[in-house]
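Data block below; observations after.
Predicted, not measured: the structure shown is a model, and the values here were computed from it. What's counted below: heavy atoms across the whole structure, side chains too, no hydrogens, waters or symmetry copies. First the proteins, then the strands, lettered A, B, ... as listed; each starts at 1.
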There are 2 protein chains.
Amino acid sequence: MEPRQGAQAIRRALAVLRILAAGREDGVPLAEVVRTTGLTRPTVHRIVHVLIEEGIVERHERTGRYAIGNQVPELALARPRPSRLLIAANPSLQRASAAIGDTLFLTVRTGNDTLCVDRRIGVYPIQVLSIEVGARRPLGVSSAGVAILAAMPAQEARKIVAANEKRFEAYRTDVATVLGEVTAARRLGYGMREIGLVQGTKSISTWIKTPDGQPAAAMTVSAVRTRLGPRREQEVAEILLREARIIEQAIGG
Amino acid sequence: MEPRQGAQAIRRALAVLRILAAGREDGVPLAEVVRTTGLTRPTVHRIVHVLIEEGIVERHERTGRYAIGNQVPELALARPRPSRLLIAANPSLQRASAAIGDTLFLTVRTGNDTLCVDRRIGVYPIQVLSIEVGARRPLGVSSAGVAILAAMPAQEARKIVAANEKRFEAYRTDVATVLGEVTAARRLGYGMREIGLVQGTKSISTWIKTPDGQPAAAMTVSAVRTRLGPRREQEVAEILLREARIIEQAIGG
DNA sequence: TGGTTCTGTCCATAATATGGACAAGAACGC
DNA sequence: GCGTTCTTGTCCATATTATGGACAGAACCA
């Protein structure tokens, strides 16, 4: 499907950039980039340093870790329109946040990653704030990722999960576990994780599909586990499912 | 100064991306990318299409023009902190905008381009709004660019102007004209263009330097020409110069 | 001290990106 | 209609370019 050739170096540079983006502000050590991309160290080293010269990547003084540079937001300014989805989802996030009281996330798929694009903090005094806007994770490790995978054709989902295999280790999961969760999510109608990425938290995610049936995003509630018992899980899931359908209407029109 | 080799393709891809960023949402035709980068058409074609497959570039349905894709803002989310400069400049822009009443721009240098990063609209009923946040131009074609060039060592400025030679044509200027304006700006203490990029407008720009003497940005006022006669030009320049020094203090601390 | 991480560099080699040449479509003039 | 000039897209032999194995230094720990 993507047989265009003659640009190995560019593709590799982008793969490196995506890993660095997943590391956010803290940056990523070279060795980790080498491990997760599967490229050789001289190659990664060369790519990263060319990107530094070009201002696309920065190196943190103290740690020596590599991170996304300031020229990337500058390039991004050339594309200012906020996405349709963000506008369409806004009222639903507002309503659901008020009704539920716990933290809400809106997450999209980008390549083999999930990317948090919006967050609403609820009124309940204990909030799960571990995930920030811009947070990027391999598809499959969060309940949002599981929901998005559950919403796509099984074969495509398997392909993505396989591609992320190496990266799962860092999140203490593996291909079989993720595929199991995806299957469970399909049965339930929503994604769920009893053990959230942070100890003692629980997450519930619904998927949002585009008119052509592709998953566009996931809407997630994260809370301390004790606040999401079986009964309330049911309630929260119903709210999320209802709002997800409303967002689908909005992006469909 | 930048002798690292082994990544021609990556550098070329970035050069293409920067041209596309300058085109903003409208996009840029392939032929123009070829002309301004000086690369051959097969090469640009290959690069652009690989970037499309990777989601970094998009092609507009109707026009066939190429533009920055949605994955670029997604990568940029990994770097959320707004720049020090933007924070430091905020009160000055506020004050100057109130005092002057015409549109104010804050512009930074990025590579061989100027990039508008902030804009304040004044109270006067006729405002020059042609430049938007995200607008990118070759250094030298706007008064902000002239100011930034005037604030750097003459040799470096000449080098940048020479590098932009090909791109000047599209703005109906040339190396000699730009260098003349830069010299004039050094004498005056601020950048000025009697004929703005839009017919009948006039612009005045002051430069803002970092503690180490490098130009960090330019602050610009644009107005219809009749509103910036010699007397008012003097007044406006004084306000801009004063605020520029205040911003320099703020980023210096 | 030796062992284990990490990062950085060299350079012969193979694989890769290159660009001249060709092709075809679109817009314009007449 | 037909030529002219613009555009974008593709092929493929070639040589330029990116590659990665091997080596080395630095930092940390026992």
Next on the checklist: Using the side chain to side chain contact (heavy atoms under 4.5 Å, CB included) definition, which of the options A:R158, A:R109, A:K209 pairs with A:M152?
Outcome noted: A:R109
Checklist entry - Is it true that atom NZ of B:K159 has more than 12 heavy atoms of other residues, nucleotides or ligands lying nearer than 6.0 Å? => result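 Not more than 12 within 6.0 Å, no.
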Checklist entry - Given D:dT8, is OP1 or OP2 found less than 4.0 Å from the side-chain N or O atoms of B:H45? => result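 Looking at the OP1 and OP2 atoms of D:dT8, neither is under 4.0 Å from any side-chain N or O of B:H45.
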Checklist entry - Any side-chain N or O of B:Y66 under 4.0 Å from OP1/OP2 of D:dT7? => result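 No, no such contact exists.
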Next on the checklist: Using the side-chain hydrogen bond (donor to acceptor under 3.5 Å, both in side chains) criterion, which residues pair with B:T183? Sequence neighbours excluded.
Outcome noted: none
Checklist entry - Going by heavy atoms closer than 4.0 Å, what residues in residues 28-36 of chain A are next to DNA chain D? => result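 Within this stretch, nothing sits under 4.0 Å of the strand.
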Checklist entry - Are B:E58 and A:R79 ion-paired here, with the side-chain N under 4.0 Å from a carboxylate O? => result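 Looking at A:R79 together with B:E58, the answer is yes, because their closest N to O distance falls below 4.0 Å.
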Checklist entry - Going by an N to O cut-off under 4.0 Å, is there a salt bridge joining A:E53 and B:R11? => result yes
Checklist entry - For the ring pair B:H49 and B:Y66, is the centre-to-centre distance below 6.0 Å? => result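 When the ring centroids of B:H49 and B:Y66 are compared, they turn out to be within the sub-6.0 Å range.
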Rounded off to whole Å, could you give me the [atom1]-to-[atom2] distance for the [X] and [N] pair?
X     : N      : atom1 : atom2 : answer
B:H60 : D:dT7  : NE2   : C1'   : 18 Å
B:L51 : C:dA17 : CG    : P     : 13 Å
A:H49 : C:dC10 : NE2   : P     : 13 Å
A:E53 : C:dG8  : CD    : P     : 13 Å

Checklist entry - Counting any heavy atom closer than 4.0 Å, what does A:R65 reach on the DNA or RNA strands: base, sugar-phosphate only, or nothing? => result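 A:R65: no heavy atom of the nucleic acid under 4.0 Å.
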Next on the checklist: Does any part of the side chain of A:E74, heavy atoms only, come nearer than 4.5 Å to the side chain of B:V108, both counted from C-beta?
Outcome noted: yes
Next on the checklist: Are the side chains of B:I10 and A:R12 in contact, using a 4.5 Å heavy-atom criterion?
Outcome noted: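 They are not in side-chain contact.
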Atom pairs, protein N/O to nucleotides 19-25 of chain C N/O, distance under 3.5 Å:
| unit_1 | atom_1 | unit_2 | atom_2 | d |
| --- | --- | --- | --- | --- |
| C:dG19 | OP2 | B:R12 | NH1 | 3.4 |
| C:dG19 | OP2 | B:T40 | OG1 | 3.3 |
| C:dG19 | OP2 | B:T43 | OG1 | 2.9 |

